[in-house]
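FYI, the numbering just counts along the sequence from 1. Note that these values count all heavy atoms, side chains included, but never hydrogens, waters or copies made by symmetry.
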Amino acid sequence: MKKTFILFTISLLSFTFQAQPSMITPPYLQKGDTVAILATARKHIVKSMQPTISLLESWGLNVVIGKSIGLEKNQLAGNDKERAADLQEQLDNPNIKAIWCARGGYGTVRVIDLIDFTQFKKNPKWVVGFSDVTVLHNHLNTMGYKSIHGIMPINLSKATQAAIESLRLSLFGQPLQYAIDAHPMNRIGTATGELVGGNLSILYSVLGSPSAIDCKDKILYIEDLDEYLYHIDRMMMNLKRNGCLESLKGIIVGSMTDMKDNDIPWGKNALEIVQDVTKNLNIPVIFNFPAGHIHDNRALILGNTVTIDITENCSTVVFEK
């Protein structure tokens, strides 16, 4: 009887482990759907939104321009209440099927705690952007929803066709996979797990908050812009000391753009810093993946299960449906 009970307990624990809830995928877009464009952070003062509107219309989509576009409060797109109200309106509107953040900068963290996600949970929708929008990506991840790390209207004029097409594929639920050239710093191997992450500075800044992601058994994507090299080391060490690295299945390192150094050099570039902090992890790592603050900013569906396969000749990232 005791043996039977032990076997039953093991079986129950196995079932409980396998039955963990999966991430929720918002409905993929269809022709005729409506996308809202708004600003959660820095102001987006442009003469015309027509290039963005034209792109979305060429995909068969309708466009709503949020009230935060054109607002100005010093660096920000209006004050916190105005930006939060615009985001809340678009989240609550069941006719809006995706929200495309116009630009990053700073400011999303100032509105995230003003948002009520009750209606969003009833009608989930895609949230798209990168950089400071990582606050939203991480917060949605903690709630169990996927989102898209990709180009924004502010970058559209310089974005590569490959980056634009990857966003379209992501929004419309088409197969998404990448094959990129090998990088000499890559760590060879294969791993499958949920993709999380975004801008390293934002990941660092929300640790300890309700928006902090759980990295256990995940594949972590990171990128950054315009940071001092010792800051990169500081942030990576913080992730390490918080236990965010030791339980990962893999790492994807995107662009580390326009890094700065002090008069006395730090001694390593950004990729070497990441390599140094993660050198004792027995997991595959892709370096220099085409995503982040670059023109060729390929879309990544955060919260989606991905398989990374790194060989001496090539690295692939395949998103499961």
>> Give me the atom names and distance for the closest heavy-atom approach of L300 to A291.
In response: CD1-CB, 4.0 Å

> Hey, is the main chain of Q90 close enough, under 3.5 Å, to the side chain of N93 for a donor-acceptor pair?
Replying inline: no

> Is a side-chain donor or acceptor of R42 paired with a backbone partner of G107 at a separation under 3.5 angstrom?
Replying inline: no

>> Testing the basics here: between I69 and I37, what is the closest heavy-atom pair and its distance to 0.1 Å?
In response: CG1-O, 3.6 Å

>> Do T311 and N313 pair up side chain to side chain, a donor and an acceptor below 3.5 Å, judged on atom types alone?
In response: no

>> Which label fits W266 and Y230: parallel for a plane angle under 30°, tilted from 30 to 60°, or perpendicular past 60°?
In response: tilted

> Salt bridge check: are K279 and D276 linked by an N-O gap of less than 4.0 Å?
Replying inline: yes

> Between R83 and L76, is there a donor-acceptor pair closer than 3.5 Å when you use the side chain of the first and the backbone of the second?
Replying inline: no

> Should the pair Y228 and H231 be assigned to parallel (<30°), tilted (30 to 60°) or perpendicular (>60°) ring geometry?
Replying inline: perpendicular

> Got I301 and L195 here, is their nearest side-chain heavy-atom distance under 4.5 Å?
Replying inline: no

>> Side chains of I53 and I65, heavy atoms from C-beta outward: is any pair under 4.5 Å?
In response: yes

> Quick check: does any side chain N or O of S48 sit under 3.5 Å from a backbone N or O of Q50, one acting as donor and the other as acceptor?
Replying inline: yes

>> Is it the case that the side chains of E223 and N199 hold a donor-acceptor pair, with the cut-off being a distance below 3.5 Å and no angle test?
In response: yes

> Under the side-chain hydrogen bond (donor to acceptor under 3.5 Å, both in side chains) criterion, do D224 and S201 qualify, and how do the steps go?
Replying inline: CA-CA 7 Å; D224 220 321; S201 295; 2.7 Å; yes

>> Applying ring-ring contact (aromatic ring centres under 6.0 Å, His included) to F130 and H137, what does each step give before you reach the verdict?
In response: CA-CA 8 Å; F130 75 108; H137 290 315; 9.2 Å; no

> Can you check whether A39's main-chain N or O pairs, donor with acceptor, with S68's side chain at less than 3.5 Å?
Replying inline: yes

> Does any non-hydrogen side-chain atom of Y145 lie less than 4.5 Å from one of V127?
Replying inline: no

>> Whether the side chain of S58 engages the backbone of L55 through a donor-acceptor N/O pair (distance < 3.5 Å, no angle test) should be reported.
In response: yes

> Going by atom types alone, do T108 and D132 pair a side-chain donor with an acceptor below 3.5 Å?
Replying inline: yes

>> Can you list everything that forms a side chain to side chain contact (heavy atoms under 4.5 Å, CB included) with K216? Sequence neighbours excluded, please.
In response: D214, S247

> Charged N to carboxylate O below 4.0 Å: is that the case for D296 and R298?
Replying inline: yes

> When you check the side-chain N and O atoms of N79 and K73, is any donor under 3.5 Å from an acceptor?
Replying inline: no

> On the ring face of Y28, is K146 found with NZ or CZ under 6.0 Å from the centre and within 45° of the axis?
Replying inline: no

>> One thing to verify: whether K67 and E89 come together as a salt bridge, which I'm taking to mean a side-chain N less than 4.0 angstrom from a carboxylate O.
In response: yes

